[in-house]
Visitor: 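Sending over a structure as structure tokens; questions will come in a sec.
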Amino acid sequence: MKFFIDTANVEEIRKANQLKILDGVTTNPTLIAKVKKPFMEVVKEILSEVPNKPVSLEVASTDAEGMIREGEKLAELGSNVVIKIPITEEGLKAVVHFERNGIKTNVTLVFSPAQALLAMKAGASFISPFVGRLDDISHTGMDLIKQIKQIKDNYGFKSEIIVASVRNPIHVIESAIAGADIATIPYSVIAQLIKHPLTDIGLERFLKDWESVPEKPF
Ligand code: E4P
């Protein structure tokens, strides 16, 4: 399973990149707003940190024409830019346009298998079902991933499933078990994936015992 990072914070992207676990970046207007810098400045920083991996940048228009205009501008910033488009009727029209013109799309805000099916039929390169937000309203988000995976396999759709709205390590593990192509993970959850209390306890013990070893070479 590929790991994308779900952030517009270039420091977080850099830290994940150093671990060699990073396969791409996803952003959204909320994440961009959080960094409190001019949009183009943020985007250029991200693209220079990950020049060869897919970076999803979201359009802000709600009509197909506006999405196409914005998406074409964003696509000029790098061949790895993926245009992130909400799943609406207008959004699907824009997806068809971009994919026909060789520009990759990521269909976002997917909350049902029907939406995913439509996005896959429209030819989206990526689709982003949001698990955490479904869990928040007492629906099991991971059930959606299993359903979409089944639909994808039944018909051989090429769209890659990005598990989005990931809130904890269990979401990541269950995504891998379900066979999702990608999980887009906040940096805080990547850090959680590394940690285990028994590792901390074990390390503390090793370091303490090491102190009593005579004539250490280092
Ligand atoms: C997906 O690409 C979105 O950026 C993101 O995963 C949304 O997550 P949230 O529900 O934690 O805001």
Side-chain angles (χ1 to χ4, degrees), residues 1-13 16 21-37 39 42-43 45-47 49-50 53-62 67 70-71 74 80-88 91-92 94-95 98 103-113 115-116 119-120 122 124-145 148-149 159-176 178 180-193:
M1 186 174 67
K2 286 182 261 188
F3 274 23
F4 286 6
I5 189 167
D6 198 27
T7 187
N9 180 323
V10 79
E11 274 312 310
E12 292 181 344
I13 296 170
I21 54 164
L22 197 60
D23 302 299
V25 176
T26 53
T27 66
N28 64 39
T30 307
L31 294 171
I32 297 270
K34 262 191 200 162
V35 298
K36 298 190 188 325
K37 284 189 200 168
F39 177 76
V42 180
V43 168
E45 273 179 12
I46 296 173
L47 292 172
E49 181 59 33
V50 279
K53 294 167 185 174
V55 173
S56 288
L57 302 175
E58 191 158 340
V59 294
S61 286
T62 52
M67 290 176 188
E70 289 172 17
L74 293 172
N80 57 329
V81 169
V82 175
I83 309 304
K84 202 171 179 191
I85 299 173
I87 172 73
T88 59
L92 288 174
V95 169
F98 285 122
I103 295 173
K104 289 190 172 173
T105 58
N106 173 0
V107 174
T108 189
L109 290 168
V110 169
F111 290 98
S112 77
Q115 291 177 322
M120 289 192 279
S125 301
F126 303 95
I127 52 170
S128 292
F130 280 38
V131 292
R133 293 192 197 185
L134 280 171
D135 288 352
D136 289 346
I137 58 157
S138 304
H139 285 253
T140 307
M142 209 44 69
D143 285 349
L144 175 62
I145 304 303
I148 297 174
K149 169 74 175 136
S159 313
E160 291 189 75
I161 303 169
I162 306 180
V163 180
S165 190
V166 164
R167 302 271 165 82
N168 54 54
I170 295 172
H171 279 151
V172 179
I173 301 311
E174 288 189 345
S175 301
D181 302 287
I182 302 155
T184 189
I185 315 172
Y187 185 77
S188 57
V189 177
I190 294 176
Q192 280 179 295
L193 284 168

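Whatever order the structure lists them in is the order used to number ligands and atoms, beginning at 1. Given the structure is predicted, the values throughout are model-derived calculations rather than measurements. The analysis underlying the following values was restricted to heavy atoms, covering all of them including side chains, and did not include hydrogens, waters or symmetry mates.
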Visitor: Can you tell if the side chain of Ile148 reaches within under 4.5 Å of the side chain of Met120, non-hydrogen atoms only?
Guide: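 Contact flag for Ile148/Met120 side chains = yes.
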Visitor: Run Val166 and Asp6 through side-chain contact (heavy atoms from CB on, under 4.5 Å) and show every step you take.
Guide: CA-CA 9 Å; Val166 164; Asp6 198 27; over 6 Å; no
Visitor: With a 4.5 Å cut-off on side-chain heavy atoms, are Val107 and Phe126 touching?
Guide: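 No, side chains not in contact.
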Visitor: Are any non-hydrogen side-chain atoms of Asn28 and Thr108 less than 4.5 angstrom apart?
Guide: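 They are not in contact (no side-chain heavy atoms under 4.5 Å apart), so the answer is no.
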Visitor: Are Tyr187 and Thr7 close enough that some pair of their side-chain heavy atoms sits under 4.5 Å apart?
Guide: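 Contact flag for Tyr187/Thr7 side chains = no.
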Visitor: May I ask you to test the Glu174-Val163 pair for a side-chain heavy-atom distance under 4.5 Å?
Guide: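 The answer is no, as the side chains (C-beta and beyond) never meet within the 4.5 Å cut-off.
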Visitor: Which protein N or O atoms sit under 3.5 Å from any N or O of ligand 1? Give each pair with its distance.
Guide:
from: ligand 1; atom 1: 2 (O); to: Lys84; atom 2: NZ; distance (Å): 2.6
from: ligand 1; atom 1: 4 (O); to: Asp6; atom 2: OD1; distance (Å): 2.9
from: ligand 1; atom 1: 4 (O); to: Asp6; atom 2: OD2; distance (Å): 3.4
from: ligand 1; atom 1: 4 (O); to: Asn28; atom 2: ND2; distance (Å): 2.7
from: ligand 1; atom 1: 4 (O); to: Lys84; atom 2: NZ; distance (Å): 3.2
from: ligand 1; atom 1: 6 (O); to: Asp6; atom 2: OD2; distance (Å): 2.6
from: ligand 1; atom 1: 6 (O); to: Ser165; atom 2: N; distance (Å): 2.7
from: ligand 1; atom 1: 10 (O); to: Arg133; atom 2: NE; distance (Å): 2.7
from: ligand 1; atom 1: 10 (O); to: Ser165; atom 2: OG; distance (Å): 2.7
from: ligand 1; atom 1: 10 (O); to: Arg167; atom 2: NH2; distance (Å): 2.9
from: ligand 1; atom 1: 11 (O); to: Arg167; atom 2: NE; distance (Å): 3.3
from: ligand 1; atom 1: 11 (O); to: Arg167; atom 2: NH2; distance (Å): 3.4
from: ligand 1; atom 1: 12 (O); to: Arg133; atom 2: NH2; distance (Å): 2.8

